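For reference, the structure is listed below as structure tokens.
Not measured: the values here are computed from a predicted model.
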Amino acid sequence: MLLGPDAFADAGIIRVRDDLALVQTCDFFTPIVDDPHDFGEIAAANALSDVYAMGAEPLCALNIVCFPESGVDFEVLGRILQGGDSKAAEAGMAILGGHSVRDEEIKYGLAVTGTVDPSALLTNAGAEPGDVLFLTKPLGTGVLTTALKQGRVSAGEIADAVDGMKRLNRAAAAAARAAGAHALTDVTGFGLAGHAWQMAEASGVAFRIEWERLPLYAGAMELASEGVDSGGGRANAAYYGSRARLARRLPAEA
């Protein structure tokens, strides 16, 4: 085992032979958008990101499904699975099957297996003093999808964010490897501050993040200033707040 549950890593790694290691990850969640196909694509892309964040390539996956026995048309499930399958095809990965359970709340995701040469493995523990932090997508999806659930924005108003969540990190990961990146991570549930702290802690460094230079999806800051906040955002602030030193000029909604 090269990386296991004790690390802050995005996935587990087990060496098969000197030039081959398997990357294992599992991720699923409840719908964050209204369109079932979009949700399937987003959930699949999210799970795949954990593999790309290790500098690896996805090989195969299993569907993870929770779906109510009644009250929701099974066509919805079909559209979710089609979305996941289309994203897997884009990644050049096979979905071999999966498992479903009856649940009152819809959930979907993937258990993904990837491959990597151990000598080319990238983790979130390799950051070095003087490194520059690059973000490959804008921030603010948590606020925007929460606002969608609350009826404060329409699907059309957050279309850019939905497109971003569906976009694979395949090309970004390849560019990072080509550029000689020392470390990678996937900024998802713990937000930028949480994942930055995990990378800093694992690497033995500190990050200086300039708020004014962070890319944000349109409307995210305005909604945050109006009080829109995700449950995950509040939990992250409570847990990671003491681990970050914030400039006084930083707006409260940040």
Side-chain angles (χ1 to χ4, degrees), residues 1-29 42-64 84 87-99 108-129 131-137 165 167-205 207 236 239-240 243:
M1 185 170 66
L2 302 181
L3 282 174
D6 294 333
F8 289 116
D10 292 288
I13 311 287
I14 188 162
R15 187 194 301 270
V16 177
R17 59 177 190 251
D18 289 346
D19 64 344
L20 178 67
L22 293 182
V23 180
Q24 301 267 213
T25 187
C26 175
D27 212 325
F28 69 111
F29 47 74
I42 290 169
N46 180 70
L48 283 161
S49 287
D50 288 337
V51 173
Y52 292 131
M54 313 303 292
E57 287 293 330
L59 176 66
C60 59
L62 297 171
N63 285 318
I64 304 166
K87 198 53 57 174
E90 182 183 339
M93 177 186 73
I95 294 184
L96 305 180
H99 187 70
Y108 173 67
L110 297 175
V112 184
T113 298
T115 59
V116 67
D117 185 328
S119 65
L121 179 65
L122 283 168
T123 73
N124 63 354
E128 300 177 3
D131 282 352
V132 177
L133 176 66
F134 283 86
L135 295 177
T136 61
K137 295 180 181 181
M165 288 186 286
R167 187 170 68 249
L168 292 178
N169 283 320
R170 184 180 193 175
R177 291 196 302 271
H182 298 143
L184 289 177
T185 195
D186 178 32
V187 179
T188 49
F190 297 119
L192 176 62
H195 288 284
W197 179 83
Q198 290 179 353
M199 180 178 278
E201 185 74 3
S203 303
V205 299
F207 283 172
N236 289 335
Y239 185 79
Y240 292 108
R243 294 165 168 80

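Heavy atoms only, all atoms of each residue included: Asp10 and Ala53 are closest at OD2-CB, 3.7 Å. Closest non-hydrogen pair, Arg15 versus Arg17, comes out as CG-O, 3.1 Å. In this structure, Ser203 and Ala127 approach most closely via the heavy-atom pair OG-N, 3.1 Å. Listed here is the closest heavy atom pair of Ala173 and Tyr52: CB-O, 3.6 Å. Closest non-hydrogen pair, Ala21 versus Ile13, comes out as CB-CG2, 3.8 Å. Listed here is the closest heavy atom pair of Ala181 and Leu122: O-CD2, 3.2 Å.
Taking CD1 of Ile14 as the start and CG of Leu20 as the end, the distance is 11.0 Å to the nearest 0.5 Å. Atom OH in Tyr108 sits 11.5 Å away from atom CG in Asn46 (nearest 0.5 Å). Interatomic distance, Leu133 CG to Leu192 CG, rounded to the nearest 0.5 Å: 7.0 Å. Annotation: the span from Leu121 atom CG to Arg177 atom CZ amounts to 11.0 Å, rounded to 0.5 Å. Atom CG of Leu22 is separated from atom OG1 of Thr115 by 7.5 Å, given to the nearest 0.5 angstrom.
For residues 44-53, there are no salt bridge (Lys or Arg N to Asp or Glu O under 4.0 Å) pairs, not counting sequence neighbours.
Contact check for Glu128 versus Val205: no side-chain heavy atoms found under the 4.5 Å cut-off. Within the 4.5 Å cutoff, no side-chain heavy atoms of Asn124 are placed close to those of Leu184. Side-chain contact between Met93 and Leu110 is present, with at least one heavy-atom pair separated by less than 4.5 Å. Considering only heavy atoms from C-beta on, Leu48 comes within 4.5 Å of Leu168 through its side chain. Looking at Met54 and Thr25, their side chains never come closer than 4.5 Å, going by heavy atoms from C-beta outward.
Panel note: side chain Arg170, backbone Glu90; a donor-acceptor pair is recorded below 3.5 Å.
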Show which side-chain atoms of residues 195-202 pair as donor or acceptor with protein atoms under 3.5 Å away, not counting sequence neighbours.
from, atom 1, to, atom 2, distance (Å)
His195, ND1, Asp186, O, 3.3
His195, NE2, Asp186, O, 3.4
His195, NE2, Thr188, N, 3.1
His195, NE2, Phe190, N, 3.3
Gln198, NE2, Tyr240, OH, 3.2

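Scanning for side chain to side chain donor-acceptor pair (under 3.5 Å) contacts around Ser49 gives Asn169, with sequence neighbours left out.
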